[in-house]
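Written below as structure tokens is the structure these notes are about.
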Amino acid sequence: MPRRFFRHPKIFYSRIGASQAACLAAALLATGCSAALEEIHRHPQEARLEETLGRMKSVTSHPEKHYWARVVKPDKHTVGLGVQFQRHIYVSEPLAAQADDAMLAAILAHGLAHHRLHHMGQRSGILTFQKVAFKVGGTFVPGLGYGKYASEALSEVAMGSWQEPSADAKTVEYLSEMGLSGQAWLKALQYLKDQGYAEQVGRMTMRGEDFTGRIAKLQELLKIEAVGSNAEKGNAP
Amino acid sequence: MSRGNLARPGIRKALFRLTAVLGAFALGCAYKPLTQTSGPVQSAASLDSAVVKSAGALPSSLTPAISLSLHARYLHFGKPMGPSMEKWWAKQQTKLRARVQDMQCQTPWLVSARWDDAEAIDRLVLETTFDTRGSKARYWITEFSKYLVPSSDEGVVSVRARVYRKGALVREYEAEGTYRTRRHLIFLFLPMMWHSTVPGKVAENTIQDALLAVEHDAQTLFSTP
């Protein structure tokens with residue numbers, strides 16, 4: 001870095017400001033404005049969520065774990081399903097009212113799958129590592145510290161791309177163990193897409209076109225499972 | 001390190017940042033609650049008595065073997081706290097559990113209760129929520145100014161006691177306790193004003209209120225076969 005750069009604070013700070021603004025803009029473009037989900041205290045649908053979740057927990061490897069299933073106010077981003085820290089599963093008020101039992105079970109199973117696969121922990125681990133790396137880098141290279149804003153958002157997008165299919169597969173597994181069809185989650189995904197609902201995991205929000213690829217992958221998975229079960233039935237004496 | 005090296009802007013900047021990080025950490029320790037107010041006990045099943053008496057308490061011999069569970073969550077302005085506070089809240093949860101275990105020994109109808117028995121069909125589940133209420137903007141300004149601008153908010157401890165009989169939810173009770181938290185740089189130098197045990201005491205009182213409310217109805221809840 002030329003010494004001239006440090007001798008002119010105006011240039012230095014204008015460059016820092018520009019890089020900070022660019023990183024923030026990139027972060028906003030990648031994740032969208034993250035919506036804070038607001039719980040509705042003692043919503044009538046809450047008992048239904050709790051009951052469904054109670055039945056579902058028995059098929060998981062740790063049925064003793066407690067999950068906080070809550071109904072949230074519909075916000076301007078219309079988050080249908082939210083998965084947050086401390087084992088929180090949020091379902092939007094209109095979605096909780098509209099969803100039938102099978103769809104609600106599928107939605108909750110998906111939230112549960114994210115928690116059981118430790119997706120929140122993986123995200124926070126990687127993001128903390130990045131934060132530290134950029135902090136250290138920023139002490140030596142001026143302005144590099146602000147790169148964390150862009151990298152956090154991009155990492156969340158990258159992590160979402162491999163976490164979501166695995167959570168989808170786990171959802172189908174939970175549903176089949178509960179005696180429900182995996183098609184319920186496929187229908188729920190299609191419904192979320194058609195109605196313009198988003199899914200929020202941590203700070204990452206997925207909506208619309210993000211669901212298209214997942215639906216295709218899920219259809220493939222369900223086809224393979226159907227072929228496998230048919231073959232098993234055929235081989236059975 | 002020679003004087004020449006210290007004069008270099010890169011090293012000066014690194015030292016400044018290190019001081020700022022250490023300073024911010026030290027200021028963060030100034031979060032201490034100062035006052036306390038207790039809220040009334042409310043019941044979901046239209047139990048409108050604010051003052052709950054233990055008149056209908058069941059003796060331990062009459063109560064069936066119930067399972068007792070305690071779950072706690074820590075919110076910040078309604079949002080679940082992230083993993084940065086994970087160790088802290090795990091520690092708080094252990095402390096809270098120890099407090100409830102002490103209370104259990106003093107409550108006759110809970111003495112025989114087993115902790116976290118997944119197979120029990122009669123259960124008492126205590127859901128404790130710690131939350132912060134107040135102006136988010138003022139809180140942010142205080143954080144941003146490194147606690148030079150003072151702010152205060154309300155800490156809320158709400159307890160929901162759920163009674164399950166034969167696996168089905170039969171009744172819910174709620175209790176709420178509040179305390180005030182003030183934040184300012186000056187409190188860092190006034191440890192006698194921290195009153196760090198207030199949130200724990202409020203939580204304990206709130207859980208006790210909720211248990212008393214359950215105890216009030218215990219006769220009808222647990223005596224029927």
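Just so we're on the same page: letters track the sequence lines, and every chain starts at 1.
Pairs passing the salt bridge (charged side-chain N to carboxylate O under 4.0 Å, His left out) check and including a residue from residues 60-73 of chain A, sequence neighbours excluded, read A/Glu38-A/Lys73, A/Glu39-A/Arg70, A/Glu46-A/Arg70, A/Glu50-A/Arg70, A/Arg70-B/Glu127. Sorted by first and then second residue, the pairs that involve residues 92-105 of chain B and meet salt bridge (charged side-chain N to carboxylate O under 4.0 Å, His left out), not counting sequence neighbours, are B/Arg97-B/Asp116, B/Arg99-B/Glu204.
No other option in A/Glu51, A/His66, A/Met120 has as many heavy-atom pairs under 4.5 Å with chain B as A/His66.
Contacts from residues 88-110 of chain A to chain B, taken as heavy-atom pairs separated by less than 4.5 Å, involve A/His88, A/Tyr90 in sequence order.
Atom OH of B/Tyr139 and atom OG1 of B/Thr132 lie 7.5 Å apart (nearest 0.5 Å).
Using a 4.0 Å cut-off between a side-chain N of Lys or Arg and a carboxylate O of Asp or Glu, B/Asp122 and B/Lys166 do not qualify as a salt bridge.
For B/Thr129, the side-chain contact (heavy atoms from CB on, under 4.5 Å) partners are A/Trp68, B/Arg73, B/Leu75, B/Ser158, not counting sequence neighbours.
Neither the backbone nor the side chain of B/Phe77 comes within contact range of chain A; no heavy atom of the residue lies under 4.5 Å from a heavy atom of that chain.
Classification of the A/His115-A/Tyr67 ring pair by plane angle, with boundaries at 30° and 60°, yields tilted. Aromatic ring pairs are classed by plane angle as parallel below 30°, tilted from 30° to 60° and perpendicular above 60°; the pair B/Phe130 and B/Tyr74 is parallel.
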